[in-house]
Amino acid sequence: MDSQPLRGQKALVTGANSGIGAGIARALGAAGAAVVVNYVSKPEDAARVVDDISANGVDALAIRADVSREAEVETMFAGMEQAWGGIDILVNNAGLQRDAVFPEMSLEQWNTVLGVNLTGMFLCARAAARRMIRRGVRPEISRAAGKIICVSSVHEVIPWAGHVNYAASKGGVGMFMKSLAQELAPHRIRVNSVAPGAIMTPINREAWSTPEALAALLRLIPYGRIGLPEDIGKVAAFLASDDADYVHGQTIYVDGGMTLYPEFAHGG
Ligand code: BGC
């Protein structure tokens with residue numbers, strides 16, 4: 001098997017300075033892709049991911065942009081195009097939580113989550129699709145004109161009390177991805193999602209940082225371990241590669257079985 005199936009390809013990963021995004025950026029770099037490491041804060045973390053990727057001999061570049069802001073997204077894609085001539089792979093990863101019990105949820109909490117998790121995907125996918133359509137398929141690079149991968153969540157299908165804004169955004173990602181896949185297929189742009197379960201990252205630190213919390217979390221994961229960013233990175237790299245050339249419009253759950261209704265293992 002080709003150990004660098006993404007050699008010669010240019011990728012952009014949003015929110016790539018930490019957590020799952022950093023894991024995906026590293027995995028794409030290891031597969032041979034040049035990677036733009038997008039970030040919105042903590043440039044020193046983005047620089048570390050860039051260093052790790054370049055250490056493997058492929059190009060990496062950190063670009064700051066808030067994905068919920070159209071002008072910043074446009075400037076980021078223009079900068080990438082100027083540096084590398086185009087984009088082959090977009091990973092729409094940037095996401096956040098602003099949790100609140102529903103009666104207390106502010107409009108700002110709602111808008112921030114929808115703005116980054118859903119509008120951010122729209123703005124980045126649109127900027128990428130325009131460029132991928134313009135360049136078309138270059139068979140020496142890939143069988144597709146481009147690949148767009150959305151990072152969804154098990155909460156695309158698992159309702160989540162106390163996190164209505166977040167679950168609504170991920171439910172939206174499901175239809176966003178599928179409708180986009182249907183529309184972009186004639187352009188030979190492949191669109192898919194990877195939907196992580198509980199992955200050990202800063203976003204859910206509360207759920208794994210004490211033994212009690214971890215024990216409660218593990219009751220929701222039949223496979224019996226919390227996930228790691230590289231678990232998601234490997235699947236994203238596969239989806240971006242021509243090995244997945246016939247995979248289109250799919251959400252791949254990478255969750256240790258969290259979506260298997262684990263409570264029903266002992267009841268019902
Ligand atoms: C959330 C995490 C949560 C996980 C499983 C993710 O989408 O961001 O906070 O631990 O889903 O519930």
Side-chain angles (χ1 to χ4, degrees), residues 13-25 27 38-42 45 67-68 91-102 105 109-121 124 149-177 192-236 239 250-265:
V13 182
T14 65
N17 59 334
S18 81
I20 291 173
I24 294 174
N38 159 259
Y39 67 99
V40 68
S41 60
K42 303 203 182 150
D45 292 354
V67 297
S68 69
V91 182
N92 258 334
N93 164 77
L96 44 73
Q97 291 180 213
R98 291 289 181 271
D99 308 327
V101 292
F102 190 66
M105 186 175 284
Q109 288 171 320
W110 173 268
N111 280 340
T112 300
V113 170
L114 272 290
V116 172
N117 297 11
L118 197 51
T119 306
M121 291 209 183
C124 292
I149 297 161
C150 297
V151 178
S152 182
S153 163
V154 289
H155 300 295
E156 182 174 318
V157 290
I158 301 179
W160 205 16
H163 311 261
V164 166
N165 47 1
Y166 183 83
S169 76
K170 296 300 184 179
V173 169
M175 258 313 154
F176 170 78
M177 181 280 290
N192 291 287
S193 289
V194 51
I199 309 298
M200 193 186 274
T201 73
I203 206 174
N204 58 0
R205 191 181 301 279
E206 263 177 41
W208 51 262
S209 53
T210 66
E212 301 73 41
L214 185 61
L217 181 64
L218 289 177
R219 282 199 284 278
L220 299 176
I221 309 173
Y223 199 60
R225 73 166 173 89
I226 189 167
L228 299 172
E230 53 261 39
D231 289 314
I232 308 302
K234 284 174 193 160
V235 176
L239 283 175
Q250 299 303 309
T251 297
I252 301 192
Y253 289 86
V254 183
D255 67 352
M258 196 174 228
T259 38
L260 296 174
Y261 297 96
E263 329 64 293
F264 277 78

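Whatever order the structure lists ligands and atoms in, that order sets their numbers, starting from 1.
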Inspect the surroundings of CD in E206 and state if more than 12 heavy atoms from other residues, nucleotides or ligands are less than 6.0 Å away.
-> no
The one among I226, N204, D255 that brings a heavy atom closest to atom 10 (O) of ligand 1 | N204
When you measure from atom 6 (C) of ligand 1 to every protein heavy atom, which one gives the shortest distance, and what is it?
-> Y166 OH, 3.6 Å
Please tabulate, one pair per line, all N/O donor-acceptor pairs under 3.5 Å involving side-chain atoms of residues 207-214, not counting sequence neighbours.
unit_1	atom_1	unit_2	atom_2	d
W208	NE1	T201	O	3.2
W208	NE1	N204	O	3.4
W208	NE1	N204	OD1	2.8
S209	OG	R205	O	2.8
T210	OG1	A213	N	3.1

N/O donor-acceptor pair under 3.5 Å between N192 side chain and L239 backbone | no
By side-chain hydrogen bond (donor to acceptor under 3.5 Å, both in side chains), which residues pair with T259, not counting sequence neighbours?
-> D255
Number the atoms of ligand 1 from 1 as they appear, then name those within less than 4.0 Å of a heavy atom of S153, with their elements.
-> 6 (C), 7 (O), 11 (O)
If you compare Q97, E206, H155, K170 by their heavy atoms, the one closest to atom 1 (C) of ligand 1 turns out to be Q97
Specify whether Y166 and W160 have parallel, tilted or perpendicular ring planes, treating 30° as the upper limit for parallel and 60° as the lower limit for perpendicular.
-> perpendicular
Would you mind listing which atoms of ligand 1 come within a distance below 4.0 Å of any non-hydrogen atom of I203?
-> 8 (O)
Do any nitrogen or oxygen atoms of W160 come within less than 3.5 Å of a nitrogen or oxygen of ligand 1?
-> no
Look up atom OG in S153 and atom CD in Q97, then write down how far apart they are to the nearest 0.5 Å.
-> 8.0 Å
So is G197 in contact with ligand 1, going by heavy-atom distances below 4.0 Å?
-> yes
